[in-house]
Amino acid sequence: DIVMTQSPDSLAVSLGERATINCKSSQSVLYSSNNKNYLTWYQQKPGQPPKLLIYWASIRESGVPDRFSGSGSGTDFTLTISSLQAEDVAVYYCQQYYTTPCTFGQGTKLEIK
Amino acid sequence: EVQLVESGGGLVQPGGSLKLSCAASGFTFSGSAIHWVRQASGKGLEWVGRIRSEANSYATAYAASVKGRFTISRDDSKNTAYLHMNSLKTEDTAVYYCTRLGNSGSYFDYWGQGTLVTVSS
């Protein structure tokens, strides 16, 4: 199974500042046939299901604010929130579906400093 | 509007069985793969398994932790997927979400609100 490792486990950032979350996969999730990374980012707020933020490593889902961006390729990925808002407090998960079973990172808890 | 609604959760004793349902609306259910993901209280997300569409032979796959105990099925005439859970263990206690695999085949674009399964004596 592909192991997804996120860092840090928790993060406190001031409002308006940048937040960066990293995700590393134990093997490449880049599909050579279409040159797409099968890496997804989700946001989960307390008591809610996960919400799709970013897919194919860098494509923002419709309706997601443009302060959220994803980057990376192969095995190393980053989710960046350019200017933290209060409503961004949540746990963020990366996930790969390059191969079955799909696997998630352990999550990164983002809080306001 | 796409909706996924889980039901069937509850309290069950270790070794018992439970069947969860996932009722879908707002999209062509028969053409979509449906996955189940669970989350123990205060923990991360764990993929449980999936069932593909008829066009993909209703193929199923399961996490190692549930293989042989859980079975996923679907009734496209009712726009509903099911998670049949047998030989339940205390470590199966979690909120169970059903989710739709997006058309790209690599991410989950819609999730239900989840149903809580508690395995305890």
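Reminder, nothing fancy here: chain letters follow the sequence lines and each chain counts from 1.
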Item to complete: Check the surroundings of atom NZ in Lys67(B): do more than 12 heavy atoms from other residues, nucleotides or ligands lie under 6.0 Å from it?
Response: no
Worksheet item: Honestly curious: do Val66(B) and Tyr58(B) fall in one hydrophobic cluster under the side-chain, below-4.5 Å linking rule?
Response: yes
Fill in: Phe70(B) reachable from Leu116(B) in the ILVMFWY side-chain graph, under 4.5 Å edges
no
Discussion item. Take a 6.0 Å sphere around CG of Asp75(B) and say whether it holds more than 12 heavy atoms from other residues, nucleotides or ligands.
Written reply: yes
Worksheet item: chain A: which of Ala64(B), Gly105(B), Ala61(B), Ser104(B) shares the most heavy-atom pairs with it under 4.5 Å?
Response: Ser104(B)
Response to the item:
Nearest heavy-atom approach of Gln113(B) to Gly47(A) is OE1-O, 4.4 Å
Worksheet item: Is chain A contacted by the side chain of Ala63(B), its backbone, both, or neither, given a heavy-atom distance below 4.5 Å?
Response: neither
Discussion item. Taking Val2(B) as the starting point, is it possible to reach Val37(B) by hopping between hydrophobic residues whose side chains are less than 4.5 Å apart?
Written reply: no
Fill in: Shortest non-hydrogen separation from Gly112(B) to Pro49(A) and the atoms involved
O-CB, 3.2 Å
Practice prompt. Select all residues of residues 55-62 of chain A having any heavy atom within less than 4.5 Å of some heavy atom of chain B, and report them by number, or 'none'.
Written response: Tyr55(A), Trp56(A)
Discussion item. So if I take each residue of residues 6-18 of chain A and look for any heavy atom under 4.5 Å from a heavy atom in chain B, which residues do I end up with?
Written reply: none
Worksheet item: Which distance, rounded to the nearest 0.5 Å, do you find between the CD1 of Ile54(A) and the OH of Tyr107(B)?
Response: 11.5 Å
Worksheet, complete the sentence: Shortest non-hydrogen pair, Trp111(B) vs Pro50(A), comes out as CD1-O, 3.4 Å
Worksheet entry | Part of Val95(B) lying under 4.5 Å from any heavy atom of chain A | neither
Worksheet item: Thr99(B) versus chain A, heavy atoms under 4.5 Å apart: side chain, backbone, both or neither?
Response: neither
Fill in: Single-linkage hydrophobic cluster, 4.5 Å side-chain cutoff, Val117(B) and Leu4(B) together
yes
Worksheet item: Where along residues 24-42 of chain A does a heavy atom come under 4.5 Å of chain B, listed by residue number?
Response: Tyr38(A), Thr40(A), Tyr42(A)
Worksheet item: Are Leu53(A) and Leu101(B) joined in one hydrophobic group, where the rule is that I, L, V, M, F, W and Y side chains link up if heavy atoms are under 4.5 Å apart?
Response: yes
Worksheet, complete the sentence: Counting heavy-atom pairs under 4.5 Å with chain A, the top scorer among Gly49(B), Ser106(B), Gly102(B) is Ser106(B)
Item to complete: Using heavy atoms and a sub-4.5 Å threshold, report which of residues 81-104 of chain A line up against chain B, by residue number.
Response: Tyr93(A), Gln95(A), Tyr97(A), Thr100(A), Pro101(A), Cys102(A), Phe104(A)
